[in-house]
Number of protein chains: 2
Amino acid sequence: MKQKPTLKVIAKELDVSVSTVSKALRDSKEIGEETKQKVKAFAKLYNYRPNNIALSLKNKKTKTLGVIIPEIVHHFFTTVISGIEQHANDKGYNVIVGLSNESFRKEVINLEMLANGSIDGFIISVAKETLSVKDYHHLSETIDQGIPIVMFDRVIDEIECDKVIVDDAKTSKKAVQKLIDSGCKRIGIISTKDYVSVGKLRTQGYLKALKINKIDLNEDLILKIDDKFNSDDNLEFLEEQIYSYFKNNTIDGLFAVNELYAITAMKVARQKGLKIPEDLQIIGFTDGVLSKHAFPPLTTISQHGFEMGMESAKLLIERLENTNDEEEPFKTSIVKTDIIERETTKL
Amino acid sequence: MKQKPTLKVIAKELDVSVSTVSKALRDSKEIGEETKQKVKAFAKLYNYRPNNIALSLKNKKTKTLGVIIPEIVHHFFTTVISGIEQHANDKGYNVIVGLSNESFRKEVINLEMLANGSIDGFIISVAKETLSVKDYHHLSETIDQGIPIVMFDRVIDEIECDKVIVDDAKTSKKAVQKLIDSGCKRIGIISTKDYVSVGKLRTQGYLKALKINKIDLNEDLILKIDDKFNSDDNLEFLEEQIYSYFKNNTIDGLFAVNELYAITAMKVARQKGLKIPEDLQIIGFTDGVLSKHAFPPLTTISQHGFEMGMESAKLLIERLENTNDEEEPFKTSIVKTDIIERETTKL
DNA sequence: TATCAACACGAAAACGTTGTAGCTGAGAAT
DNA sequence: ATTCTCAGCTACAACGTTTTCGTGTTGATA
């Protein structure tokens, strides 16, 4: 096991100064051609790589992005990470991930753990618990300390920073409109409690679509699931709620605010003997593996997570590398959505 | 935007030396009670946090783990990451992720990008391309430089390091045995080309089960898919292959080496009018969202990715923190598997 | 009064880099 | 012969910590 060579050992070995080695490797014109060759050859031989940590300390930049998300076992978030990684790597940045598990406390800890010089900036989608307790001090303090944050998907209006979202309301309106256009008369929605910003917005879109089409609102057709934490563990709970929803209501169109709700609804609908899409048409939000491979394959709205990730990384890195002394104003990027028509909708 | 306070500015402000501040904050008995209080109060007020980078440089430890995986949009890998994260966080470590996208080149780049002081050790599942070109120099060089590596799932026998795997052969044997016990007479397998170690091993398990039960081997029933890269993008290609496989063979039991193969097989079987599990029983490998929510829900082998991640992190951190001068011998942990019976098998 | 321990603190080095400023010697210009 | 220029190199500070080794002051002891 050969130790990692440093400038110092190369210098000693070649009987020159540390500065000479450093400059030779960076091709400085201060150094003679002969010495340069010698140093470079030696460095290559011993596989010298500048120590990143030392550089970070000197430059006060780590070239590392901190990404904090609620959970990683989740198709949407992983596509976002892919996008972030891609752009970050292209720009020479690394990505460090922190998981909040939808917990406020863990989110704070993660933030603090990284906001001590480890990273240059954050990309974050806040935990449901954070949204529900409305305590954002950790975020504002981080920004105060000069560490930029980019929020994506689940964002907080009160915090000023760059944001990347889809236009949830508008997109949802479009989805519901499609259901209407396909002949649905009684359209339901399965959403989350309102503290989840995206759930709220998507519900608004639903409402708007009904209004525009002069369809009377029936409150019973709105099911708001309270899954403060991970809903994958509470599958039976979810099923129960949807089951009683179906028992009390007859619908021919359903808009679900995420994939899981959509396919779970499909499942209980099938148990009730409903044919999809003949008796019931369904559109989900988020295009994941589930939608793609469900039976029948689910028509969904694609949020283009990869693009969201790319865009988030782009905004963050731009801000980090912006050398203008004047602060750039904060931007909110809206990435477009698409309805991916599969087999749970007609036509 | 208040700048991050350093020991130096605290020292200047309080008119003491840097050493005093440092010691006071670490509760050294060298410092008088009064001064300690003063320093601590000030530090709290200005929200002082020791700069991690400086610490890393000094201690030659970053308290950061590098995780390199082929892709992140993949249920198994994300559960593993969850496990790694959990244990790492508990031990005060951060996790930096690199994606190889199944590409040898990207794997090498990622490794080099991090093996310059940024991380203390690696946890890695190698890319398919790496396995197929059999070029492992980047791995052995990293280990040579004193950076420990833990491999999980896709491991390389020739490289000596800690490893975390499931007993693929044994597990597969068990799965096929179950098929046999449930009355299957003609059992097929959909696997990968042999350069993927896990594909090879799982095929071996299949073979062994047949042998033990004195069932004659029919080579035609073995389908080896060549998906050198991401198979999610080549869904049609996969479907085609499976389609012609079904066309040429009649089977009543199928063991698929991963989730995607299993549910794709289900799909084409259904197209052929086969009833599952009446006409065809299927068992997949890897328990992901797809299996759980498929129709019908797929009987699978759970690899317990979370445990694999935990165990990997555990092995790595143990090695990192082992202060004995004598090297610990390398370990290979085998995490147990379970057959999760759902509705694609009888009984 | 001289010695000594205990106490409270400070100076400096080290981790690996880079950039600025300074130094040296040789040849050219005066 | 003196000054100047320039190439080619070295010294040093700085980034923020921790830690080792002082050092000065006090009060007690001989």
Side-chain angles (χ1 to χ4, degrees), chain A residues 3-40 42-43 46-64 92 114-120 145-147, chain B residues 3-40 42-43 46-64 92 114-120 145-147:
Chain A
Q3 261 317 314
K4 299 221 75 181
T6 66
L7 291 187
K8 204 199 276 191
V9 321
I10 298 183
K12 191 170 291 177
E13 211 70 28
L14 260 43
D15 211 42
V16 291
S17 79
V18 172
S19 335
T20 304
V21 179
S22 170
K23 285 171 185 163
L25 291 174
R26 327 199 95 243
D27 239 338
S28 159
K29 61 189 62 168
E30 287 183 59
I31 306 297
E33 201 51 45
E34 201 182 347
T35 319
K36 273 191 201 171
Q37 295 309 327
K38 199 174 58 175
V39 171
K40 284 182 182 173
F42 194 93
Y46 283 88
N47 194 29
Y48 169 80
R49 300 251 173 271
N51 182 311
N52 224 323
I53 298 293
L55 286 178
S56 297
L57 183 57
K58 192 156 198 351
N59 304 332
K60 292 164 156 268
K61 291 190 179 174
T62 61
K63 286 258 178 187
T64 302
L114 296 175
N116 54 15
S118 301
I119 52 101
D120 295 340
Q145 289 185 6
I147 304 178
Chain B
Q3 261 317 316
K4 298 221 76 178
T6 67
L7 290 186
K8 204 200 276 191
V9 321
I10 298 184
K12 191 169 291 177
E13 211 68 28
L14 260 42
D15 211 40
V16 291
S17 79
V18 172
S19 345
T20 303
V21 179
S22 171
K23 288 170 185 166
L25 291 174
R26 329 199 93 243
D27 238 337
S28 158
K29 61 189 60 164
E30 286 183 58
I31 305 298
E33 201 51 46
E34 202 182 348
T35 318
K36 272 191 205 173
Q37 294 310 327
K38 198 174 57 174
V39 171
K40 285 183 183 174
F42 194 92
Y46 284 88
N47 195 31
Y48 169 80
R49 301 251 173 271
N51 181 311
N52 225 324
I53 298 292
L55 287 177
S56 296
L57 183 57
K58 192 153 199 356
N59 304 332
K60 291 165 156 270
K61 291 188 180 175
T62 62
K63 287 262 182 182
T64 302
L114 296 176
N116 54 14
S118 302
I119 53 99
D120 295 340
Q145 290 185 6
I147 304 178

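The chains referred to below are lettered A, B, ... by the order of the sequence lines, with proteins before strands, and numbering in each begins at 1. Keep in mind the model is a prediction, meaning the values are calculated, not measured.
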In residues 30-38 of chain A, what residues come within less than 4.0 Å of DNA chain C, judged by heavy atoms?
A:E30

[X] [atom1] to [Y] [atom2] distance, which is reported to the nearest 0.5 Å:
{"X": "B:I31", "Y": "B:K38", "atom1": "CD1", "atom2": "NZ", "value": "10.5 Å"}
{"X": "A:S56", "Y": "A:K61", "atom1": "OG", "atom2": "NZ", "value": "11.0 Å"}
{"X": "A:K4", "Y": "B:K60", "atom1": "NZ", "atom2": "NZ", "value": "10.5 Å"}
{"X": "B:N59", "Y": "B:D120", "atom1": "CG", "atom2": "CG", "value": "10.0 Å"}

Roughly what angle, to 10°, lies between the helix axis at the start of the helix from C:dT1-D:dA30 to C:dT30-D:dA1 and the one at its end, five pairs per end?
90°

Heavy-atom side-chain proximity of [X] to [Y] below 4.5 angstrom:
{"X": "A:N52", "Y": "A:T62", "answer": "no"}
{"X": "A:V21", "Y": "A:L14", "answer": "no"}
{"X": "B:L7", "Y": "B:L25", "answer": "yes"}
{"X": "B:N116", "Y": "A:N51", "answer": "no"}
{"X": "A:Q145", "Y": "B:N47", "answer": "yes"}

Look at all strands and tell whether [X] reaches a base, only sugar-phosphate, or nothing, counting heavy atoms closer than 4.0 Å.
{"X": "B:L55", "result": "sugar-phosphate"}
{"X": "B:K58", "result": "base"}
{"X": "A:L57", "result": "base"}

Please list residues of residues 12-23 of chain B whose heavy atoms come under 4.0 Å from any atom in DNA chain D, ordered by number; otherwise none.
B:V18, B:S19, B:S22, B:K23

Can you name the nearest heavy-atom pair linking A:S118 to A:T64, along with the distance?
O-CB, 3.9 Å

Of all heavy-atom pairs between A:I147 and A:A115, which one has the smallest distance, and what is that distance?
CD1-CB, 3.7 Å

Could you list where the contact with chain B starts and ends along DNA chain C, reading 5' to 3', using a 4.0 Å heavy-atom cut-off?
C:dA8 to C:dG16

Contact interval (first through last nucleotide) of DNA chain D with protein chain A, 4.0 Å heavy-atom:
D:dG8 to D:dG16

Is atom NZ of A:K40 surrounded by more than 12 heavy atoms (other residues, nucleotides or ligands) closer than 6.0 Å?
yes

Would you tell me whether A:S17 and A:T20 have side-chain atoms, one donor and one acceptor, within less than 3.5 Å of each other?
yes

Hey, are A:K36 and A:D27 close enough for a salt bridge, meaning a charged N less than 4.0 Å from a carboxylate O?
yes

A:F42: partners by ring-ring contact (aromatic ring centres under 6.0 Å, His included), with sequence neighbours left out
A:Y46

